[in-house]
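We name chains A, B, ... by the order of the sequence lines, and we start the count at 1 in each one.
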Number of protein chains: 2
Amino acid sequence: MQEGLTIGEVSGKLGMSSHTLRYYERAGLLRPIPRTEGGIRRYQEQDVEMLRFLARLRLMGMPIHQIREYAELARSGRDTFEARGELLTKHRSEVIARIEELQRNLEVLDLKIEMYSRGCTPLSAPGDPCAEKLRGLLERKN
Amino acid sequence: MQEGLTIGEVSGKLGMSSHTLRYYERAGLLRPIPRTEGGIRRYQEQDVEMLRFLARLRLMGMPIHQIREYAELARSGRDTFEARGELLTKHRSEVIARIEELQRNLEVLDLKIEMYSRGCTPLSAPGDPCAEKLRGLLERKN
DNA sequence: TACAGACTTAGAGCGCGCTCTAAGTCAAGC
DNA sequence: GCTTGACTTAGAGCGCGCTCTAAGTCTGTA
């Protein structure tokens with residue numbers, strides 16, 4: 001037994017498949033993970049930490065190629081702090097925009113649900129104020 | 001010239017490509033759009049209204065197969081109001097969960113950005129309270 | 001009537017993010 | 001030493017949601 005976690009251990013710990021872990025390495029999201037003499041990956045604590053953060057970026061919808069960009073900066077030492085901060089800040093505003101978009105569309109959804117619960121026909125209710133409001137929301141761009 | 005909009009007009013109005021409009025019809029998201037004698041689609045107001053709403057469902061991340069399910073109910077008359085309401089209500093809670101997930105991950109992102117702006121190394125700062133907090137957030141499931 | 005340009009179909013292709021397969025190697029326990 | 005099960009690689013395959021292609025048809029205008 002050597003130092004560091006095997007791919008199976010990391011997989012269990014983080015809830016990502018071994019396939020995905022290898023894929024992330026191939027894709028440049030991780031440094032080349034150090035191997036035993038037999039060629040078996042031994043993940044260090046830093047690798048697991050990195051993975052935890054990258055997984056959050058994925059959950060926030062950052063595409064793989066951008067995560068790679070971040071990861072490459074992260075591997076290039078501390079004179080990339082500013083660039084990394086900028087990259088994350090840009091992504092931050094995209095996430096906020098996404099949240100706002102979801103919230104706007106939730107309004108539409110709520111109106112529609114209310115109309116169904118009131119049993120009034122959604123597409124052809126010219127008099128209904130609720131139907132009018134829905135129509136108005138739908139006509140606005142996004 | 002006949003009654004109703006051509007695919008190009010709908011495409012321009014809603015900002016979706018003609019390709020996508022045909023695809024949505026094929027996929028069962030729209031009723032078979034009525035054609036002219038020459039076989040050219042003429043979208044009616046009801047089709048456009050439907051499309052507007054379906055587009056919102058897409059923006060909220062509902063997969064095509066679920067939208068089809070909803071659309072099929074919508075084509076089956078008003079005794080599917082309850083089922084439609086349930087389907088949308090279920091999706092509503094998924095959207096809310098997604099928003100909350102994004103907000104939780106935004107916390108992680110904000111902490112990370114703060115650390116970069118303070119110029120302190122994120123992965124190895126055992127003393128820093130901010131780094132500790134980040135580590136804590138990252139270790140929690142999602 | 002002829003032309004241009006938008007329309008039609010069936011079906012292939014693509015980018016994404018995994019996910020799986022095949023064939024083989026490594027290593028912990030008996 | 002042998003078995004067993006996890007590991008390795010290269011590369012294929014997949015589900016999703018479009019997106020495009022090819023070959024041909026329709027239609028408004030000159």
Q) Is B:Tyr24 near enough to D:dG17 that one of its side-chain N or O atoms lies under 4.0 angstrom from OP1 or OP2? A) no
Q. Salt-bridged, A:Arg22 to A:Glu25, with N to O below 4.0 Å?
A. no
Q.
Any non-hydrogen side-chain atom of B:Thr80 less than 4.5 Å from a side-chain atom of B:Glu86?
A. no
Q) Is the closest basic N to carboxylate O distance between A:Arg104 and A:Glu107 below 4.0 Å? A) no
(Q) Rounding to an integer number of Å, can you tell me how far B:Leu5 CG sits from C:dC7 P? (A) 11 Å
Q. Heavy-atom distance under 4.5 Å between the side chains of B:Gln103 and A:Ile99, does that happen here?
A. yes
Q | Note: B:Asp128-B:Arg118 ion pair, threshold 4.0 Å (strictly below) | A | yes
**Q.** Whole-Å distance separating the CD1 atom of B:Ile33 from the P atom of C:dC7
**A.** 14 Å
Q) A:Glu3 has an atom CD; how far is it from atom P of C:dA27, in whole Å? A) 16 Å
(Q) Closest-nucleotide mapping onto DNA chain D: is B:Met62 or B:His19 further toward the 5' terminus? I mean the 5' end. (A) B:Met62
Q: May I ask you to decide whether B:Lys133 forms a salt bridge with B:Glu139, counting only side-chain N to carboxylate O separations under 4.0 Å?
A: no
(Q) If you apply the rule salt bridge (charged side-chain N to carboxylate O under 4.0 Å, His left out), what do you find for A:Glu72 with A:Arg75, and how did you get there? (A) CA-CA 5 Å; A:Glu72 280 166 357; A:Arg75 265 173 262 134; 5.2 Å; no
Q. Atom CD1 of B:Ile67 to atom C1' of D:dG17: distance rounded to whole Å?
A. 10 Å
Q | Name of the residue among B:Arg41, B:Arg52, B:Arg31 meeting side-chain hydrogen bond (donor to acceptor under 3.5 Å, both in side chains) with B:Asp47 | A | B:Arg31
**Q.** Atom pair distance, as rounded to whole Å: NE2 in B:His65 and P in D:dC16
**A.** 6 Å
Q: Grab the CG-C1' distance between A:Leu54 and C:dG17 for me, whole Å please.
A: 15 Å
**Q.** Flag side-chain contact, heavy atom, 4.5 Å: B:Gln44 against B:Glu3
**A.** yes
Q: Between protein and nucleotides 7-15 of chain D, map the contacts as a letter string: B base, S sugar-phosphate only, - none, heavy atoms under 4.0 Å, written 5' to 3'.
A: SBB-B----
Q) For the side chain of A:Thr36, counting heavy atoms from C-beta on, which of C:dA27, C:dC18, D:dG17 is nearest? A) C:dA27
Q: Describe, as an angle rounded to 10 degrees, how the axis at the first end of the helix from C:dT1-D:dA30 to C:dC30-D:dG1 is tilted relative to the axis at the last end, five pairs per end.
A: 0°
Q: Let me know the distance between CZ of B:Arg58 and P of D:dT19, rounded to the nearest Å.
A: 10 Å
